[in-house]
Amino acid sequence: MFTVDQIQAAHSKVKSGADFPNYMQDLIKLGVTSFETFVKDSHSVYFGKNDFKTKSEGKYADLEISETVNKEQFISDLKSHQKGGTDYMTFCKDCAKSGIEKWAVKTDDMTCTYFDKAGNEILVEVIPG
């Protein structure tokens with residue numbers, strides 16, 4: 001199976017949201033079937049075949065996630081990030097302000113779903129491949 005170090009090596013090539021599709025291809029090659037990233041501190045839980053699971057450590061001090069979702073602002077910030085307009089930390093802060101608690105990626109159907117603190121789906125995106 002894969003290790004967090006292998007995943008972090010693949011992630012080190014990501015400079016903006018524009019690099020995310022290539023990162024996804026790297027994860028698929030490693031055997032990652034899905035993962036969840038938590039905005040609070042950017043720790044992720046990675047899943048593979050046969051119930052394999054591993055977890056990364058947080059990357060920064062805890063952010064406070066807004067109780068109120070601002071979907072329109074989130075979508076605007078997401079589009080900017082995907083075009084390379086913001087770095088990862090800025091995107092995470094924008095997510096927190098807009099009430100996004102985590103995102104979950106499934107590599108089999110190449111989707112990224114964003115959730116609020118109550119577990120509600122806020123947006124489902126198909127990742128270009």
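Atoms considered below: every heavy atom in the structure, side chains included; atoms not considered: hydrogens, waters and symmetry mates. We number each residue from 1, following the sequence as shown.
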Show the numbers, then the answer: is there a side-chain contact (heavy atoms from CB on, under 4.5 Å) between Ser42 and Tyr88?
CA-CA 10 Å; Ser42 194; Tyr88 182 75; 2.5 Å; yes

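- Between Lys13 and Tyr23 there is no side-chain heavy-atom pair separated by less than 4.5 Å.
- Atom OG1 of Thr113 is separated from atom NZ of Lys106 by 6.5 Å, given to the nearest 0.5 angstrom.
- Put simply, the side chain of Pro128 does not reach to within 4.5 Å of the side chain of Phe20, judged on heavy atoms.
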Determine all donor-acceptor pairs shorter than 3.5 Å in which one atom belongs to a side chain in residues 49-62; sequence neighbours excluded.
from, atom 1, to, atom 2, distance (Å)
Ser56, OG, Ser44, N, 2.9
Tyr60, OH, Val39, O, 2.5

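- In this structure, CD1 in Ile127 is found 9.5 Å from CD in Gln82, a value given to the nearest 0.5 Å.
- The structure places SG of Cys95 at 12.5 Å from NZ of Lys93, a figure rounded to the nearest 0.5 Å.
- Connection of Val69 to Ile65 is established within a shared hydrophobic cluster, with ILVMFWY side chains joined at heavy-atom distances below 4.5 Å, either directly or through further cluster members.
- Listed by chain and residue number, nothing satisfies the side-chain hydrogen bond (donor to acceptor under 3.5 Å, both in side chains) test with Thr33 (two or more places apart in sequence, or in another chain).
- Taking 4.0 Å as the cut-off between side-chain N and carboxylate O, Lys97 and Asp77 do not count as a salt-bridged pair.
- Here Gln6 contributes atom CD and Met1 contributes atom CE; the two are 10.5 Å apart, rounded to the nearest 0.5 Å.
- Counting heavy atoms from C-beta outward, Tyr114 and Asn120 have side chains that stay 4.5 Å or more apart.
- Using a cutoff of 4.0 Å between basic side-chain nitrogens and carboxylate oxygens, Lys102 and Glu36 are scored as salt-bridged.
- Under the 4.5 Å side-chain criterion, counting only non-hydrogen atoms from C-beta, Phe74 is in contact with Leu123.
- Taking CD1 of Ile75 as the reference point, atom OG of Ser98 lies at 9.5 Å (rounded to 0.5 Å).
- Other residues, nucleotides and ligands contribute more than 12 heavy atoms inside 6.0 Å of the NZ atom of Lys117.
- When the side-chain hydrogen bond (donor to acceptor under 3.5 Å, both in side chains) test is applied to Asp109, the partners found at least two apart in sequence or on another chain are Thr111.
- Each of Phe35 and Val4 belongs to its own hydrophobic cluster when Ile, Leu, Val, Met, Phe, Trp and Tyr are linked at side-chain heavy-atom distances under 4.5 angstrom.
- Distance check, rounded to the nearest 0.5 Å: CD1 of Ile7 to OG of Ser12 gives 12.5 Å.
- Proximity of Phe2 to Val32: side-chain heavy atoms (C-beta onward) are separated by under 4.5 Å at one or more points.
- Remark: Gln8 pairs with no residue by the side-chain hydrogen bond (donor to acceptor under 3.5 Å, both in side chains) rule, at least two apart or across chains.
- Residues Leu63 and Asp41 have side chains not in contact (no heavy-atom distance under 4.5 Å, counting atoms from C-beta outward).
- Looking only at side-chain heavy atoms (C-beta outward), Ile100 and Phe91 stay at 4.5 Å or farther from each other.
- Side-chain heavy atoms closer than 4.5 Å link hydrophobic residues (I, L, V, M, F, W, Y) into clusters, and following such links, possibly through other members, connects Val105 to Leu27.
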For side-chain contact (heavy atoms from CB on, under 4.5 Å), just list the numbers for Thr107 and Met24, CA-CA rounded to whole Å, side-chain angles, deciding distance to a tenth of an Å, and then say yes or no.
CA-CA 7 Å; Thr107 60; Met24 290 300 303; 3.5 Å; yes

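- Judged as a ring pair (Phe, Tyr, Trp, His ring centres under 6.0 Å), and not counting sequence neighbours, the contacts of His43 are Phe38.
- Both Val14 and Met110 belong to a common hydrophobic cluster when Ile, Leu, Val, Met, Phe, Trp and Tyr are linked at side-chain heavy-atom distances under 4.5 angstrom.
- Under the 4.5 Å side-chain contact rule for hydrophobic residues, Ile122 and Val124 do not share a cluster.
- Partners of Phe47 according to the ring pair (Phe, Tyr, Trp, His ring centres under 6.0 Å) rule, which considers only residues two or more places apart in sequence or in another chain, do not exist here.
- Between Glu101 and Lys40 there is no salt bridge, since no side-chain N of the basic residue sits under 4.0 Å from a carboxylate O of the acidic one.
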